[in-house]
Number of protein chains: 2
Amino acid sequence: MKKKRATITDIAEELGVSPSTVSRALNDHPAISKKTKKAVLKLARQRNYQPNLLALNLLKKRTNTIGVIVPEITSHFFSSVINGIQDLVKPFGVNMIIGQSNESYEEEKSIVQTFASIRVDGFLISPSSETKKYDHLESLIQNNIPLVIFDRDCEGIDIDKVFVDEYNGAFQAVEYLIQSGCKRIAHIAGSQTLSTARHRLRAYKDALEKHSIPFNADYVVQTDGFSPEYGIEPTRRLLSLQTPPDAIFTINDGVAIGAMYVIKDAGIKIPEEISIIGFDDDPHSTYFKPSLSTVWQPTYEMGMLAARILMKRINTNNDLSKIRVESLFPELIVRGSSM
Amino acid sequence: MKKKRATITDIAEELGVSPSTVSRALNDHPAISKKTKKAVLKLARQRNYQPNLLALNLLKKRTNTIGVIVPEITSHFFSSVINGIQDLVKPFGVNMIIGQSNESYEEEKSIVQTFASIRVDGFLISPSSETKKYDHLESLIQNNIPLVIFDRDCEGIDIDKVFVDEYNGAFQAVEYLIQSGCKRIAHIAGSQTLSTARHRLRAYKDALEKHSIPFNADYVVQTDGFSPEYGIEPTRRLLSLQTPPDAIFTINDGVAIGAMYVIKDAGIKIPEEISIIGFDDDPHSTYFKPSLSTVWQPTYEMGMLAARILMKRINTNNDLSKIRVESLFPELIVRGSSM
DNA sequence: GAAATTAGCGAAAGCGTTGGAAAAATGCAA
DNA sequence: TTGCATTTTTCCAACGCTTTCGCTAATTTC
């Protein structure tokens, strides 16, 4: 009843040969006769032999597994990055295990720890918004475990990184708003611990400056999450200003959706009275009325690229000296929520 | 430069004791003197010793890893189930690896294969819509590898299963539409290979019958995906009928969002002229205008329960004879898209 | 026909860890 | 000091696999 899975030794015994012979037969080793090879392969198929990867990994000191750590998988953004990673890594026969930090430094650290003890071959990490100390990452580097950072930067740590040029995307968005005639452009910014949010805010300011629009601190509100509810309060605040904005550029689509909800509730017309541009191109964004203008990010490609760099590191024993920092280009998608 | 990770043997040598002593010291074995224990622990910390789980797993024939296979992770539905699984499993010190079948039988099969050769301790599977043969699952059962099916049923295979009572949820939704005065209720149904879609269709029919509303085949349109674009065509078809429906119950929120888009485009008022009810309670649903009525499913709980059952199987060596089939209850959430 | 080469296979070590059994070291009473 | 019990440590096997080395027997070469 309790069927044991066949091992190489089982097959060897049954065939009256040594385990090494069986191993060689299964691995197409040249020093083996056609006859024994055929016999071994036949019995192996019959017994449904599957090599024990644990034993192999122990021997080879390689697990063919990479660890991917993201703040959350529920968002379309990260699940799409994960898809990219998955698709790149699969042809290599590599699996991935996913960890969710829930934007917590402690959780992130503990996941790194766990994955390291599982002996993953490498890491792909997008740090949590809380992560300010990088000791856990440094320790990977010191142990010579390949690591690629993506999407969110860890400044001051020298390692392969893959980003989207958020600055460029945000700049495009704000400049578009200016060129479409908006004068009072607000920004619902994200947590400033995130490099991505910082870049977007910076781009916002720079775009205003380029077009000689004075910066008004009242028009920048910060929010700490990415879902629609985080857009509610900030938008209310903006609408209650003496001279409310005529455009809002939000940290992402989720927040933009919250913003649109509040604005429509207040009976204000989008885009006639207020233009909105989000970020991320969430798949739902098209289906709102009006449909949401946004900045598309090559998330899938980012996953692929990060994974490709990691695989290279792993396969070259991590001793390529040159560190790669890559930037991918986002794209403004104008839809109904902006003029 | 190329720092090797310290092994138990390294520590043993450096300390001039045997590896077993080190092992016991690290594991708090009673038969070890305070003095050596302290010395070992100190050096272990110094060398940043981390046990090699590979070796351990090989010995224990347990990987402390479970395999989770879902049709896709990008949907909020499944990522939320995954969260439930993750949260349950973590305190056990168990990791999970995630596979995406992309609704393909072949991919699903290949993932099962891969995960099995990694020697995961158990499986949590929500089968793809294409999966009609269960040979890959049977083979797990035969090899005595614990397996729990969730969300989507595989009829005829006798194993632990966790579902949401879709029938009940759909029935509630349709009955609500009837009671709110709708007479011509349509249903955009999902792929009938899916047990979930079948149950919803059945509930739709039964609810109509219960209230003596004749079934009209024109009012049932099938669609094969879950995102908004899959709602476009079916809705157009429904609207073009001689007597268009005054309510649409859709297979999920994604499709409902597509439907609302088409309906609003046609200048038809929701819910005055057409009521809409979706399924899944996608987090975006609240923020549409009108906000989408829907059937909430306990996805997180489903993940937890499925994982709990799996862990039990794993920890009892899979020889509990009683098979569990559990059903969780969904809940109708009435919002603005229905009267 | 002897020597050299080569094909085919087995024995054994090793990957890092655990745990039962045996051995060594220690403590204590006689 | 001896004997015995107890504590502490070492030895060894095991997990499943690969691979080096060495051996035998067959084949080739001169």
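First the proteins, then the strands, lettered A, B, ... as listed; each starts at 1.
Put simply, Ser18(A) has a side-chain N or O that comes within less than 4.0 Å of OP1 or OP2 on dG10(C).
If you check every strand for non-hydrogen atoms under 4.0 Å, Ser20(B) touches a base. As judged by a 4.0 angstrom heavy-atom cut-off over every strand, Thr21(B) is placed among the base-contacting residues. Nucleic acid contact class of Asn27(A) (heavy atoms, under 4.0 Å, all strands): sugar-phosphate only.
The main-chain N or O of Ser101(A) is never found under 3.5 Å from a side-chain atom of Glu108(A) such that the two would form a donor-acceptor pair. Of the possible donor and acceptor atoms, one in the side chain of Glu130(A) sits under 3.5 Å from a partner among the backbone N and O of Tyr105(A). A donor-acceptor distance shorter than 3.5 angstrom exists from the side chain of Asp121(B) to the backbone of Asn64(B), with no hydrogens or angles considered. A distance-only check finds a donor-acceptor pair linking the side chain of Ser126(A) to the backbone of Phe150(A) [under 3.5 Å]. Judged by distance alone, with hydrogens and angles left aside, the side-chain atoms of Asn27(A) form no donor-acceptor pair with the main-chain N or O of His29(A) at under 3.5 Å.
Between the NZ atom of Lys35(A) and the P atom of dC9(C) there is a distance of 8 Å, given to the nearest Å. Spacing between atom NZ of Lys61(A) and atom C1' of dC15(C) amounts to 6 Å, rounded to whole angstrom units. For the pair Leu26(B) CG and dG16(C) P, the computed distance is 15 Å after rounding to whole Å. Rounded to whole Å, atom P of dG19(C) lies 13 Å from atom CG of Asp28(B). Rounded to a whole Å, the CG atom of Leu56(A) is 14 Å from the C1' atom of dG14(C). Between Leu54(A) atom CG and dT17(C) atom C1' there is a gap of 13 Å when expressed in whole angstrom units. Across the protein-nucleic acid pair, Arg62(A) atom CZ and dC17(D) atom P stand 19 Å apart, rounded to whole Å. If you measure from atom NZ of Lys60(B) to atom C1' of dA14(D), you get 13 Å, rounded to the nearest angstrom.
Proximity note for Thr36(B) (side chain, C-beta onward) versus dC17(D), dT9(D), dG10(C): the nearest is dT9(D). If you check dT10(D), dC17(D), dT18(D) against the side chain of Asn52(A), the one that comes closest is dC17(D). Nearest to the side-chain atoms of Ser33(A) among the listed nucleotides dG8(C), dT18(D), dT17(C) stands dG8(C). For Leu59(B), whose side chain is taken as the heavy atoms from C-beta onward, the closest listed nucleotide among dT8(D), dG16(D), dT18(C) is dT18(C).
When each of Leu58(A) and Pro19(B) is assigned the nucleotide of DNA chain D bearing its nearest heavy atom, the one mapping closer to the 5' terminus is Pro19(B). With DNA chain D read from its 5' end, the first of the two nearest nucleotides for Arg119(B) and Lys34(B) is the one closest to Lys34(B).
In the interface, the side chain of Arg24(A) is paired with the base of dG10(C) through a donor and an acceptor atom under 3.5 Å apart.
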